Amino acid sequence: MASGAGCVTTCPDMTPVDSFLAAQGYAQAERLALPQDAGHRRYTRLRGGPRPALLMDCADAPRVGLTPEEDLLPFLRLARHIGGIGLSAPAVLAEDTAHGLLLVEDLGEDTHAALLDRGADPLPLYAEAAEALAALHAAPPPPGLPLWETERMAATAAATFLDWWWPATFGAAPADAVRAEFAGALRAMLAPFAGAGCLVHRDYFPANLMRLEDRDGPRRTGILDFQDAALGHPAYDLVSLVEDARRDVAPAVREATLARYLALRPELDAADFHAALAAMAAQRHLRVAALWVRLDRRDGKPRYLAHGPRCWALLARALRHPATAPLARFLDRHVPPALRRNPDATPASPTKDPAA
């Protein structure tokens with residue numbers, strides 16, 4: 001039974017979604033599917049019900065090895081945590097964990113990404129994002145979060161760079177010795193920054209942030225898509241924000257955002273933080289650059305390859321910092337600069353929709 005559900009008459013052939021929405025008073029609501037990104041969760045905007053709301057549907061969770069309930073519980077736990085520390089996340093209105101369905105507050109359509117696309121001044125938006133992020137990071141994290149540290153970060157980088165980018169570029173899988181060397185390079189680069197114990201959002205960038213005009217201070221920024229949060233180093237989220245894989249960020253905006261964040265967290269050592277920033281950037285940009293290849297080759301979504309040049313350029317900048325020397329040495333041995341790019345998209349086929 002969905003929480004808050006009243007007694008309603010449902011037809012035997014109603015889908016779980018229909019039954020869930022009917023129980024909450026949204027049977028006649030207009031359903032507007034939101035654009036689906038690279039993930040598996042589906043979102044639908046509901047208009048005409050008791051209040052503006054979004055439906056979150058995790059029915060495709062088995063595609064990533066989870067049950068719908070397992071996929072939903074982290075969102076519930078983190079939504080309550082974020083609200084509990086005085087920040088803005090969509091309020092949970094009703095839930096049907098067995099079917100992976102959630103009804104949440106609709107915070108509107110003014111994501112930071114949408115505002116930037118319409119020509120908004122980026123400096124206030126990034127300053128607000130930094131303020132909310134500093135508050136998120138400074139609060140004690142909730143229990144039970146997975147680690148986003150050396151071993152997992154090395155494994156996820158290998159899962160895109162070695163498993164997808166490497167064979168697409170070289171025509172064959174890497175040798176075991178190359179895999180071992182890559183893992184060693186990632187461990188050496190990331191290990192100095194392990195143990196920070198901070199809640200990291202892991203995708204803190206404009207498309208997942210909302211401008212909430214009726215709220216002040218850190219609450220002015222609504223935080224979305226936080227269900228994959230983990231324990232790690234706070235610099236990772238700053239990389240997501242100021243070195244966005246999908247959007248160019250002007251150097252002045254980048255520096256102002258970092259300065260604002262560090263001013264709000266005076267307990268952090270600035271030099272150590274910038275070293276961590278470079279190491280987190282190197283891991284993220286290499287992993288994400290290669291992720292675009294996987295989305296093309298495996299999922300038939302070649303449009304993401306357009307972001308490849310930006311990711312490789314951001315990686316090149318990160319590799320100039322001494323903290324990234326282990327990875328830089330690996331790439332110098334195995335991937336000459338001329339190959340530091342993504343291969344072209346695979347030809348379209350009947351099973352792959354290039355516009356997907």
Side-chain angles (χ1 to χ4, degrees), residues 77-89 112 122-153 187-206 208-209 215-223 226 228-244 249 251-285 314 317-318 320-325:
R77 181 172 70 248
L78 286 155
R80 289 162 181 155
H81 170 76
I82 292 170
I85 61 175
L87 297 176
S88 295
H112 285 199
L123 277 171
L125 289 172
Y126 279 88
E128 291 168 13
E131 186 176 359
L133 188 60
L136 181 69
H137 285 168
L145 292 179
L147 288 178
W148 183 242
E149 288 196 340
T150 305
E151 293 303 320
R152 189 175 174 205
M153 293 177 75
R187 291 187 188 109
M189 180 179 73
L190 297 170
F193 309 106
C198 175
L199 184 156
V200 288
H201 181 289
R202 293 184 55 213
D203 260 330
Y204 195 87
F205 67 108
N208 287 334
L209 304 174
R215 303 184 190 185
D216 297 318
R219 296 187 70 250
R220 189 175 177 84
T221 300
I223 303 172
F226 42 74
D228 295 325
L231 287 178
H233 197 287
Y236 190 86
D237 281 342
L238 270 297
V239 170
S240 303
L241 180 63
V242 302
E243 300 187 17
D244 195 334
V249 180
V253 174
R254 178 184 186 274
E255 296 310 313
T257 305
L258 292 175
R260 177 64 177 152
Y261 177 87
L262 288 170
L264 292 167
R265 301 204 63 200
E267 73 277 13
L268 299 176
D269 180 274
D272 288 346
F273 191 85
H274 278 89
L277 195 75
M280 302 297 133
Q283 188 274 351
R284 181 174 174 89
H285 297 319
L314 290 169
R317 182 171 68 186
R320 294 197 291 267
H321 195 286
T324 66

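Just so it is clear, the structure is predicted and the values come from calculations on it, not from any experiment. Heads up: numbering here begins at 1 and tracks the sequence. Quick note: numbers below take in every heavy atom, side chains included, and nothing from hydrogens, waters or symmetry partners.
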Over all heavy atoms of both residues, which pair between [X] and [Y] is shortest? Give the atoms and the distance, please.
{"X": "Pro141", "Y": "Leu145", "answer": "CB-CD1, 4.2 Å"}
{"X": "Asp269", "Y": "Asp272", "answer": "OD1-N, 2.8 Å"}
{"X": "Arg202", "Y": "Ala230", "answer": "CD-CB, 4.1 Å"}
{"X": "Ala129", "Y": "Tyr204", "answer": "O-OH, 2.7 Å"}
{"X": "Pro140", "Y": "His81", "answer": "O-CE1, 3.2 Å"}
{"X": "Ile85", "Y": "Ala135", "answer": "CD1-O, 4.4 Å"}

Notebook entry, point to check: Would a distance-only check, ignoring hydrogens and angles, find a side-chain to backbone donor-acceptor pair under 3.5 Å from Glu149 to Leu231?
Noted result: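 Answer holds: no.
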
Approximate separation, where rounding is to 0.5 Å, of [X] [atom1] and [Y] [atom2]:
{"X": "Leu78", "Y": "Asp228", "atom1": "CG", "atom2": "CG", "value": "9.0 Å"}
{"X": "His321", "Y": "Leu277", "atom1": "NE2", "atom2": "CG", "value": "8.5 Å"}
{"X": "Glu243", "Y": "Leu314", "atom1": "CD", "atom2": "CG", "value": "5.5 Å"}
{"X": "Leu133", "Y": "Thr221", "atom1": "CG", "atom2": "OG1", "value": "10.0 Å"}

Check: Would you call Glu131 and Arg220 a salt bridge, taking side-chain N to carboxylate O under 4.0 Å as the test?
Finding: no

Margin query: Looking at Asp203 and Arg284, is any side-chain nitrogen of the basic one under 4.0 Å from a carboxylate oxygen of the acidic one?
Written below: yes

Next item on the list: Would you please classify the geometry between the His233 ring and the Phe273 ring as parallel, tilted or perpendicular, with 30° and 60° separating the classes?
Entry: tilted

Got [X] and [Y] here, is their nearest side-chain heavy-atom distance under 4.5 Å?
{"X": "Gln283", "Y": "Thr324", "answer": "no"}
{"X": "Leu209", "Y": "Glu128", "answer": "no"}
{"X": "Asn208", "Y": "Ile223", "answer": "no"}
{"X": "Pro206", "Y": "Asp244", "answer": "yes"}
{"X": "His274", "Y": "Leu258", "answer": "yes"}
{"X": "His201", "Y": "Asp237", "answer": "yes"}

Next item on the list: Would you please test Leu268 and Leu262 for side chain to side chain contact (heavy atoms under 4.5 Å, CB included) and show each step?
Entry: CA-CA 7 Å; Leu268 299 176; Leu262 288 170; 4.3 Å; yes

Item checked: Ring centres under 6.0 angstrom apart (Tyr261, His137) -> yes

